[in-house]
Enquirer: 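Got a structure here, written out as structure tokens. Questions coming.
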Amino acid sequence: LANVKDFGAKGDGTTDDYTAIQSAINSAKTVFFPAGSYKVGAALTVWESNSALIGHESLPTIKVVGSGYSGPIVSVQNTGDNLNEFSRIENLKFLFDYGGGGPAPYSSTPNETNCGVSINGSLAPTASATNRVLRFKMENCRVLGFSNGINLKETTNTLIRRVVIEHEFDQSSLSLSSSNIYCGVNFDCTPGQVGGISPQASVELHQVIVNVGGAPGNTKSMGFRITGQDPRDIFFEGCETAHGNYGWFIDPSDDDYNIDIHINRPIVDAVDDYGIYVKDWNGYGALTVNGGYIVKDKNNPGAGIWVENSRGVNITGGIQVLGVSLKVTGNTSYDEGI
């Protein structure tokens, strides 16, 4: 067990503690963060199996300060062709400090360079050695202020549980290009190197809450974003999202992989346009939505659940769609339930 303060970390919110914390990570499997605020000037990298970043029960803060910094704060990855198995992050708060010098970087393609926490198993140099991050767990954490809270790419048997993602500082007064995307959790399901297995296999999110409120104006904001041809075995249990344009945005690019997503008891509150948006779900597998409720907040064109050019979509279990307006102007309906 390594205590970051034994390696020289101050935890005072102003000193750059990157070198001290990375030294602790390199020296021990389990790294402990006492109460405090730890500023870092570069991404902390976790690359060995059975590594653990554990915070005090007060949820110590690890933060970056705005002014051109691009994320992540923590990158969970592999070294060479080795596996990174059973690593975990618990009891920590990850913060992009907008108050310290500018908003988080935004782009039209959320990825590991503009997120708070990156879980990326695609960095192996050998073509057949993809999915090098396995059985990772993140629990009891907060991710605040980033344009892309958590980014997942080529990871298997991953569990994210009891995590809250939102803005620490209200950025709604900013107006960015409409091509920019804000999302809480981004799944990059694009197949990686030739010979690799499914880029997202058996990934589970339990009680993950995304509050999109406070995102800059004119952005395309969403709680959970799933794109790429092979979203295989992604499970949501009791996850929530509020505000923004989309609760779930799912577009697997119209390929015929064996794809499965299961959304159980979703809560989508005060969404502007689409509670659950599904486009080009055209592979061999199923997408299920079971129970829960969706509440629309505005009479924008859209729907509680929208499914387009897709097959194998099952909506069951008494889901409630509320707040839609059936107002029609000319031949255009403002809202639809499903």
Side-chain angles (χ1 to χ4, degrees), residues 93-96 98-99 103-108 110 114-117 141-151 160 162-187 205-227 236-251 263 265-279 289 291-306 319-325 327 334-338:
K93 179 167 68 175
F94 301 96
L95 170 66
F96 191 101
Y98 169 54
Y106 281 76
S107 77
S108 59
N114 59 10
C115 68
V117 178
C141 293
R142 301 176 73 92
V143 183
L144 309 175
F146 290 85
S147 63
N148 177 16
I150 300 173
N151 197 81
I160 300 176
R162 291 198 294 272
V163 172
V164 175
I165 302 169
E166 59 187 345
H167 283 280
E168 179 81 348
F169 305 95
D170 187 349
Q171 300 179 24
S172 58
S173 60
L174 301 173
S175 183
L176 303 179
S177 166
S178 59
S179 64
N180 286 309
I181 293 175
Y182 170 84
C183 64
V185 183
N186 183 61
F187 296 81
L205 275 66
H206 292 253
Q207 296 176 327
V208 175
I209 300 173
V210 181
N211 181 4
V212 182
N218 210 32
T219 56
K220 184 185 292 184
S221 54
M222 55 197 68
F224 305 97
R225 178 179 184 264
I226 304 170
T227 61
F236 298 88
E237 177 69 37
C239 293
E240 304 179 25
T241 178
H243 306 293
N245 303 110
Y246 302 83
W248 272 259
F249 179 92
I250 303 171
D251 182 0
I263 305 172
R265 297 187 297 110
I267 296 176
V268 183
D269 195 17
V271 69
D272 291 348
D273 300 324
Y274 299 91
I276 298 175
Y277 176 89
V278 184
K279 182 175 182 291
V289 181
Y293 69 84
I294 296 169
V295 180
K296 282 208 63 179
D297 187 45
K298 294 184 178 180
N299 291 331
N300 296 348
I305 299 176
W306 179 278
I319 189 168
Q320 299 180 66
V321 180
L322 310 171
V324 296
S325 168
K327 177 181 177 182
Y334 274 48
D335 277 339
E336 287 148 323
I338 300 175

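Just so you know, residue 1 is the first one in the sequence shown, and it goes up from there.
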Enquirer: Which residue pairs satisfy the salt bridge (charged side-chain N to carboxylate O under 4.0 Å, His left out) criterion with at least one member in residues 163-184, sequence neighbours excluded?
Expert: Arg142-Glu166
Enquirer: Please determine whether side-chain contact (heavy atoms from CB on, under 4.5 Å) holds for the pair Val117 and Phe146, giving the CA-CA distance in whole Å, both sets of side-chain angles, and the decisive distance to 0.1 Å.
Expert: CA-CA 10 Å; Val117 178; Phe146 290 85; over 6 Å; no
Enquirer: Indicate yes or no: at least one non-hydrogen side-chain atom of Ile319 is less than 4.5 angstrom from one of Ile294.
Expert: yes
Enquirer: Tell me if the centroids of the rings in His167 and Tyr182 come within less than 6.0 Å of each other.
Expert: yes
Enquirer: Roughly how far apart are Ile181 CD1 and Thr227 OG1, rounded to 0.5 Å?
Expert: 8.0 Å
Enquirer: Report the distance from atom CG of Asp273 to atom CG of Asp297, rounding to the nearest 0.5 Å.
Expert: 10.5 Å
Enquirer: Which heavy atom of Phe96 sits nearest to which heavy atom of Pro105, and what is that distance?
Expert: CE1-CD, 3.9 Å
Enquirer: Please walk me through it: do Tyr106 and Asn114 pass side-chain contact (heavy atoms from CB on, under 4.5 Å)?
Expert: CA-CA 7 Å; Tyr106 281 76; Asn114 59 10; over 6 Å; no
Enquirer: Please find the pair of heavy atoms, one from Ser147 and one from Ala104, that lie closest to each other, and give the distance.
Expert: N-CB, 3.9 Å
Enquirer: Mind checking ring-ring contact (aromatic ring centres under 6.0 Å, His included) for Phe187 and listing every partner two or more places apart, or none if nothing turns up?
Expert: Phe236
Enquirer: Asn151 and Cys115: which non-hydrogen atoms are nearest, and at how many Å?
Expert: CB-SG, 3.8 Å
Enquirer: Give the minimum heavy-atom separation between Val143 and Gly116, together with the two atoms involved.
Expert: CG1-CA, 4.3 Å
Enquirer: Find out whether Glu237 and Arg265 are in side-chain contact, i.e. whether some heavy atom of one side chain is under 4.5 Å from a heavy atom of the other.
Expert: yes
Enquirer: Just to verify, what does Ile338 make a side chain to side chain contact (heavy atoms under 4.5 Å, CB included) with, not counting sequence neighbours?
Expert: Ile305, Ile315, Val321
Enquirer: Determine whether Leu174 and Tyr98 make a side-chain contact, defined as any pair of heavy atoms from C-beta on separated by less than 4.5 Å.
Expert: yes
Enquirer: Hey, which of Phe224, Trp306, Tyr277 is the one that makes ring-ring contact (aromatic ring centres under 6.0 Å, His included) with Phe249?
Expert: Tyr277
Enquirer: What verdict does the side-chain contact (heavy atoms from CB on, under 4.5 Å) test give for Ile250 and Ile263, after you've listed the backbone C-alpha separation in whole Å, the side-chain angles of each residue and the deciding distance to 0.1 Å?
Expert: CA-CA 12 Å; Ile250 303 171; Ile263 305 172; 4.2 Å; yes
Enquirer: Measure the CH2-OG1 distance between Trp248 and Thr241 for me, rounded to the nearest 0.5 Å.
Expert: 6.5 Å
Enquirer: Could I get the full list of ring-ring contact (aromatic ring centres under 6.0 Å, His included) partners for His243, not counting sequence neighbours?
Expert: none
Enquirer: Is there any side-chain hydrogen bond (donor to acceptor under 3.5 Å, both in side chains) pair reaching into residues 217-226, and which pairs are they, with sequence neighbours excluded?
Expert: Asn186-Arg225, Ser221-Asn245
Enquirer: Looking at every heavy atom in both Phe94 and Cys141, which two are closest together, and how far apart are they?
Expert: CE1-SG, 4.4 Å
Enquirer: Taking side chain as C-beta onward, heavy atoms only, is Val289 less than 4.5 Å from Val278?
Expert: no
Enquirer: With sequence neighbours left out, what residues match Ile267 under side chain to side chain contact (heavy atoms under 4.5 Å, CB included)?
Expert: Glu240, Tyr293
Enquirer: Between Val212 and Gly223, what is the shortest heavy-atom contact and its length?
Expert: CG2-N, 4.2 Å
